[in-house]
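Report on the structure given below.
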Amino acid sequence: MFDSIFQDMTVGISLNISSTLLSIIVGLFLGLIISIVYLLITPRNDRSPNFAVSLVVLPAIVTVIILLVGGNLARAFSLAGVFTLVRFRSVPGDSKDITFVFFAMAAGLTSGMGYLTLGAAITILLCFVFVVFHKIGFGVMKQKEKRLRITIPEDMNFEGAFDDLFEKYTNGWSMQKVRTSNLGTLYEITYHIILKEKVSEKEFIDELRCRNGNLNIMLSMMETNSQQF
(Lines give C-alpha, C1' and ligand atoms only; values in the text may rest on other atoms or scores of the structure.)
Protein backbone atom coordinates (compact mmCIF):
# COMPACT_ATOMS: atom_id res chain seq x y z
CA MET A 1 0.00 0.00 0.00
CA PHE A 2 2.78 2.42 0.95
CA ASP A 3 4.67 1.63 -2.25
CA SER A 4 1.60 2.40 -4.35
CA ILE A 5 1.08 5.71 -2.53
CA PHE A 6 4.67 6.84 -3.06
CA GLN A 7 4.56 5.73 -6.67
CA ASP A 8 1.36 7.78 -7.19
CA MET A 9 3.08 10.87 -5.77
CA THR A 10 5.68 10.70 -8.50
CA VAL A 11 3.09 10.65 -11.26
CA GLY A 12 2.61 14.08 -12.87
CA ILE A 13 -0.67 15.84 -13.24
CA SER A 14 -2.02 15.44 -16.76
CA LEU A 15 -4.94 17.73 -17.52
CA ASN A 16 -6.64 18.52 -20.76
CA ILE A 17 -6.35 22.29 -21.24
CA SER A 18 -9.68 22.75 -23.04
CA SER A 19 -11.72 20.66 -20.60
CA THR A 20 -9.99 22.27 -17.62
CA LEU A 21 -10.73 25.79 -18.83
CA LEU A 22 -14.32 24.80 -19.63
CA SER A 23 -14.82 23.40 -16.12
CA ILE A 24 -13.38 26.54 -14.51
CA ILE A 25 -15.50 28.83 -16.71
CA VAL A 26 -18.63 26.85 -15.89
CA GLY A 27 -17.72 27.03 -12.20
CA LEU A 28 -17.41 30.83 -12.41
CA PHE A 29 -20.72 31.05 -14.28
CA LEU A 30 -22.52 28.94 -11.68
CA GLY A 31 -20.96 31.01 -8.91
CA LEU A 32 -22.18 34.19 -10.63
CA ILE A 33 -25.73 32.84 -10.72
CA ILE A 34 -25.56 31.88 -7.04
CA SER A 35 -24.18 35.30 -6.12
CA ILE A 36 -26.93 37.12 -8.05
CA VAL A 37 -29.61 35.09 -6.26
CA TYR A 38 -27.95 35.87 -2.92
CA LEU A 39 -28.12 39.61 -3.71
CA LEU A 40 -31.75 39.34 -4.84
CA ILE A 41 -33.08 37.64 -1.70
CA THR A 42 -30.92 39.47 0.85
CA PRO A 43 -31.99 42.89 2.16
CA ARG A 44 -29.75 45.75 1.08
CA ASN A 45 -28.55 46.50 4.61
CA ASP A 46 -27.57 42.85 5.19
CA ARG A 47 -25.65 42.35 1.95
CA SER A 48 -21.91 41.77 2.05
CA PRO A 49 -20.05 42.70 -1.17
CA ASN A 50 -17.08 40.57 -0.16
CA PHE A 51 -19.33 37.57 0.44
CA ALA A 52 -21.02 38.08 -2.95
CA VAL A 53 -17.62 38.08 -4.69
CA SER A 54 -16.57 34.99 -2.72
CA LEU A 55 -19.66 33.13 -3.95
CA VAL A 56 -18.58 33.84 -7.54
CA VAL A 57 -15.01 32.60 -7.06
CA LEU A 58 -15.61 29.71 -4.65
CA PRO A 59 -17.02 27.20 -7.21
CA ALA A 60 -14.05 27.85 -9.51
CA ILE A 61 -11.60 27.27 -6.64
CA VAL A 62 -13.31 24.01 -5.69
CA THR A 63 -13.25 23.01 -9.36
CA VAL A 64 -9.48 23.51 -9.53
CA ILE A 65 -9.00 21.48 -6.34
CA ILE A 66 -11.05 18.59 -7.67
CA LEU A 67 -9.16 18.67 -10.97
CA LEU A 68 -5.82 18.62 -9.16
CA VAL A 69 -6.83 15.71 -6.95
CA GLY A 70 -8.24 13.71 -9.88
CA GLY A 71 -8.95 10.61 -7.79
CA ASN A 72 -5.33 10.41 -6.61
CA LEU A 73 -5.18 9.45 -2.92
CA ALA A 74 -1.74 10.94 -2.37
CA ARG A 75 -2.74 14.30 -3.83
CA ALA A 76 -5.88 14.32 -1.70
CA PHE A 77 -3.85 13.84 1.48
CA SER A 78 -1.36 16.49 0.35
CA LEU A 79 -4.05 19.06 -0.32
CA ALA A 80 -5.73 18.25 3.01
CA GLY A 81 -2.44 18.91 4.77
CA VAL A 82 -2.02 22.24 2.99
CA PHE A 83 -5.51 23.43 3.90
CA THR A 84 -5.00 22.52 7.56
CA LEU A 85 -2.33 25.23 7.64
CA VAL A 86 -4.89 27.87 6.66
CA ARG A 87 -6.95 29.45 9.43
CA PHE A 88 -10.13 31.10 8.26
CA ARG A 89 -11.33 34.08 10.28
CA SER A 90 -14.69 35.63 9.49
CA VAL A 91 -17.65 37.21 11.18
CA PRO A 92 -20.19 34.51 12.13
CA GLY A 93 -22.99 34.52 9.59
CA ASP A 94 -26.52 33.24 9.72
CA SER A 95 -27.76 29.91 8.43
CA LYS A 96 -28.57 31.37 5.00
CA ASP A 97 -24.96 32.45 4.42
CA ILE A 98 -23.69 29.02 5.43
CA THR A 99 -26.21 27.43 3.05
CA PHE A 100 -24.94 29.55 0.18
CA VAL A 101 -21.35 28.56 0.97
CA PHE A 102 -22.24 24.86 0.74
CA PHE A 103 -24.30 25.60 -2.36
CA ALA A 104 -21.28 27.19 -4.07
CA MET A 105 -19.04 24.30 -3.00
CA ALA A 106 -21.51 21.77 -4.43
CA ALA A 107 -21.55 23.66 -7.73
CA GLY A 108 -17.75 23.57 -7.79
CA LEU A 109 -17.71 19.84 -7.07
CA THR A 110 -20.03 19.06 -9.97
CA SER A 111 -18.07 21.18 -12.44
CA GLY A 112 -14.75 19.81 -11.19
CA MET A 113 -15.94 16.22 -11.64
CA GLY A 114 -17.06 16.98 -15.18
CA TYR A 115 -20.82 16.91 -14.60
CA LEU A 116 -21.34 20.32 -16.18
CA THR A 117 -24.94 19.82 -17.31
CA LEU A 118 -25.93 18.29 -13.98
CA GLY A 119 -24.28 21.13 -12.08
CA ALA A 120 -26.06 23.75 -14.16
CA ALA A 121 -29.42 22.00 -13.71
CA ILE A 122 -29.01 21.66 -9.94
CA THR A 123 -27.88 25.27 -9.60
CA ILE A 124 -30.85 26.62 -11.57
CA LEU A 125 -33.28 24.42 -9.63
CA LEU A 126 -31.98 25.43 -6.19
CA CYS A 127 -31.81 29.10 -7.18
CA PHE A 128 -35.44 28.86 -8.28
CA VAL A 129 -36.33 27.35 -4.88
CA PHE A 130 -34.53 30.18 -3.06
CA VAL A 131 -36.35 32.84 -5.08
CA VAL A 132 -39.77 31.19 -4.64
CA PHE A 133 -39.33 30.87 -0.87
CA HIS A 134 -38.27 34.51 -0.72
CA LYS A 135 -41.27 35.68 -2.77
CA ILE A 136 -43.85 33.79 -0.70
CA GLY A 137 -42.20 34.84 2.56
CA PHE A 138 -41.60 31.27 3.73
CA GLY A 139 -40.49 31.23 7.38
CA VAL A 140 -41.00 34.98 7.84
CA MET A 141 -43.02 36.03 10.84
CA LYS A 142 -46.31 37.54 9.70
CA GLN A 143 -46.99 39.44 12.90
CA LYS A 144 -45.24 42.78 13.27
CA GLU A 145 -43.45 42.69 16.61
CA LYS A 146 -42.31 46.12 17.75
CA ARG A 147 -40.67 47.79 20.70
CA LEU A 148 -42.58 50.87 21.87
CA ARG A 149 -40.98 53.42 24.18
CA ILE A 150 -43.26 56.12 25.63
CA THR A 151 -42.29 59.07 27.80
CA ILE A 152 -44.93 60.40 30.19
CA PRO A 153 -44.92 63.07 32.92
CA GLU A 154 -44.41 61.97 36.51
CA ASP A 155 -47.94 62.93 37.57
CA MET A 156 -49.54 60.55 35.04
CA ASN A 157 -50.48 57.04 36.17
CA PHE A 158 -48.89 54.74 33.60
CA GLU A 159 -50.77 51.62 34.76
CA GLY A 160 -53.45 50.98 32.16
CA ALA A 161 -53.05 54.45 30.65
CA PHE A 162 -52.80 53.14 27.07
CA ASP A 163 -54.73 49.85 27.29
CA ASP A 164 -57.61 51.06 25.11
CA LEU A 165 -55.20 52.15 22.36
CA PHE A 166 -53.32 48.87 22.58
CA GLU A 167 -56.58 46.94 22.18
CA LYS A 168 -57.41 49.05 19.12
CA TYR A 169 -54.08 48.78 17.29
CA THR A 170 -52.36 45.64 18.60
CA ASN A 171 -52.96 41.91 18.97
CA GLY A 172 -51.03 41.80 22.21
CA TRP A 173 -48.72 43.82 24.41
CA SER A 174 -46.63 43.54 27.55
CA MET A 175 -44.79 46.09 29.66
CA GLN A 176 -41.07 45.35 29.63
CA LYS A 177 -39.44 48.13 31.60
CA VAL A 178 -40.18 51.37 33.48
CA ARG A 179 -37.54 53.90 34.42
CA THR A 180 -37.36 57.54 35.44
CA SER A 181 -35.55 60.22 33.45
CA ASN A 182 -34.87 63.96 33.55
CA LEU A 183 -34.13 63.91 37.29
CA GLY A 184 -37.29 61.95 38.05
CA THR A 185 -39.70 64.36 36.35
CA LEU A 186 -40.49 61.88 33.55
CA TYR A 187 -41.24 58.17 33.21
CA GLU A 188 -39.96 56.13 30.28
CA ILE A 189 -42.01 52.98 29.66
CA THR A 190 -40.96 50.23 27.26
CA TYR A 191 -43.57 47.87 25.77
CA HIS A 192 -43.37 44.80 23.56
CA ILE A 193 -46.31 45.02 21.16
CA ILE A 194 -47.64 43.03 18.19
CA LEU A 195 -49.31 45.38 15.73
CA LYS A 196 -52.43 44.31 13.88
CA GLU A 197 -52.22 43.86 10.13
CA LYS A 198 -52.97 46.89 7.93
CA VAL A 199 -52.90 49.38 10.80
CA SER A 200 -51.45 52.84 10.39
CA GLU A 201 -48.43 53.32 12.62
CA LYS A 202 -48.74 57.07 12.20
CA GLU A 203 -52.32 57.10 13.53
CA PHE A 204 -51.23 54.89 16.42
CA ILE A 205 -48.39 57.24 17.34
CA ASP A 206 -50.61 60.33 16.93
CA GLU A 207 -53.14 58.98 19.42
CA LEU A 208 -50.34 58.10 21.82
CA ARG A 209 -48.98 61.65 21.53
CA CYS A 210 -52.37 63.07 22.48
CA ARG A 211 -52.36 60.83 25.52
CA ASN A 212 -48.80 61.46 26.79
CA GLY A 213 -48.72 65.24 26.32
CA ASN A 214 -46.73 65.15 23.05
CA LEU A 215 -43.60 63.85 24.77
CA ASN A 216 -41.10 61.49 23.13
CA ILE A 217 -42.38 58.25 21.56
CA MET A 218 -40.18 55.70 19.81
CA LEU A 219 -41.44 52.72 17.81
CA SER A 220 -38.74 50.31 16.62
CA MET A 221 -38.20 46.74 15.48
CA MET A 222 -37.62 44.05 18.04
CA GLU A 223 -33.98 43.08 18.40
CA THR A 224 -33.44 39.34 17.89
CA ASN A 225 -30.37 37.18 18.41
CA SER A 226 -30.80 35.33 15.15
CA GLN A 227 -31.74 36.50 11.72
CA GLN A 228 -34.56 34.99 9.82
CA PHE A 229 -34.20 33.44 6.45
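Throughout, numbering of the chain's residues begins at 1 and tracks the sequence.
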Can you name the closest pair of heavy atoms from [X] and [Y] and give their distance?
X    : Y    : value
M156 : A161 : CE-CB, 3.7 Å
S35  : V56  : CB-CG2, 3.5 Å
I33  : C127 : CG2-SG, 3.8 Å
V62  : G108 : CG1-C, 3.8 Å
L39  : A52  : CD2-CB, 4.0 Å
G112 : L67  : O-CD2, 3.4 Å

Side chain proximity check, [X] to [Y], heavy atoms < 4.5 angstrom:
X    : Y    : value
T123 : I34  : yes
T170 : I194 : no
L28  : P59  : no
M113 : T110 : no
V178 : E188 : no
L148 : L208 : yes
F130 : T99  : yes
Y187 : T151 : no

Please say whether more than 12 non-hydrogen atoms of neighbouring residues, nucleotides or ligands are located less than 6.0 Å from CE in M175.
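Check passes, neighbour count above 12.
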Would you say CG of L183 has more than 12 non-hydrogen atoms from neighbouring residues, nucleotides or ligands within 6.0 angstrom?
no
N-O pairing of R211 and D164 below 4.0 Å:
yes
Could you walk me through whether V101 and D97 pass the side chain to side chain contact (heavy atoms under 4.5 Å, CB included) test, one step at a time?
CA-CA 6 Å; V101 170; D97 294 342; 5.6 Å; no
If the condition is ring pair (Phe, Tyr, Trp, His ring centres under 6.0 Å), which residues does Y115 pass it with, not counting sequence neighbours?
none
With sequence neighbours excluded, tell me which residues meet ring pair (Phe, Tyr, Trp, His ring centres under 6.0 Å) with F166.
W173, Y191
Donor-acceptor under 3.5 Å (T63 side chain, G27 main chain)
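No: the side chain of T63 does not pair with the backbone of G27.
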Look only at the side chain of S23 and the backbone of S19, and say whether a donor-acceptor pair between them is shorter than 3.5 Å.
yes
If hydrophobic clusters are built by linking Ile, Leu, Val, Met, Phe, Trp and Tyr wherever their side-chain heavy atoms come under 4.5 Å apart, do [X] and [Y] end up in the same one?
X    : Y    : result
V131 : L125 : no
I150 : V199 : yes
I124 : L40  : no
L126 : M105 : yes

From CA spacing to verdict: side chain to side chain contact (heavy atoms under 4.5 Å, CB included), E145, H192
CA-CA 7 Å; E145 295 191 23; H192 173 205; 3.0 Å; yes
Hey, could you give me the [atom1]/[atom2] distance between [X] and [Y], rounded to the nearest 0.5 Å?
X    : Y    : atom1 : atom2 : result
D163 : E159 : CG    : CD    : 10.0 Å
M218 : I205 : CE    : CD1   : 11.0 Å
L109 : I65  : CG    : CD1   : 9.0 Å
R209 : I217 : CZ    : CD1   : 7.0 Å
L55  : I36  : CG    : CD1   : 11.5 Å

Donor-acceptor pair between [X] and [Y] side chains, under 3.5 angstrom:
X    : Y    : answer
S174 : Q176 : yes
Y169 : E201 : no
T42  : K96  : yes

Of I152, T180, N216, L215, the residue whose pairing with L186 passes side-chain contact (heavy atoms from CB on, under 4.5 Å)
L215
Students often mix this up, so state it plainly: with edges at 30° and 60°, are the rings of F100 and Y38 parallel, tilted or perpendicular?
perpendicular
Kindly determine whether K177 and I189 satisfy side chain to side chain contact (heavy atoms under 4.5 Å, CB included), including the steps that lead there.
CA-CA 6 Å; K177 182 173 60 176; I189 314 168; over 6 Å; no
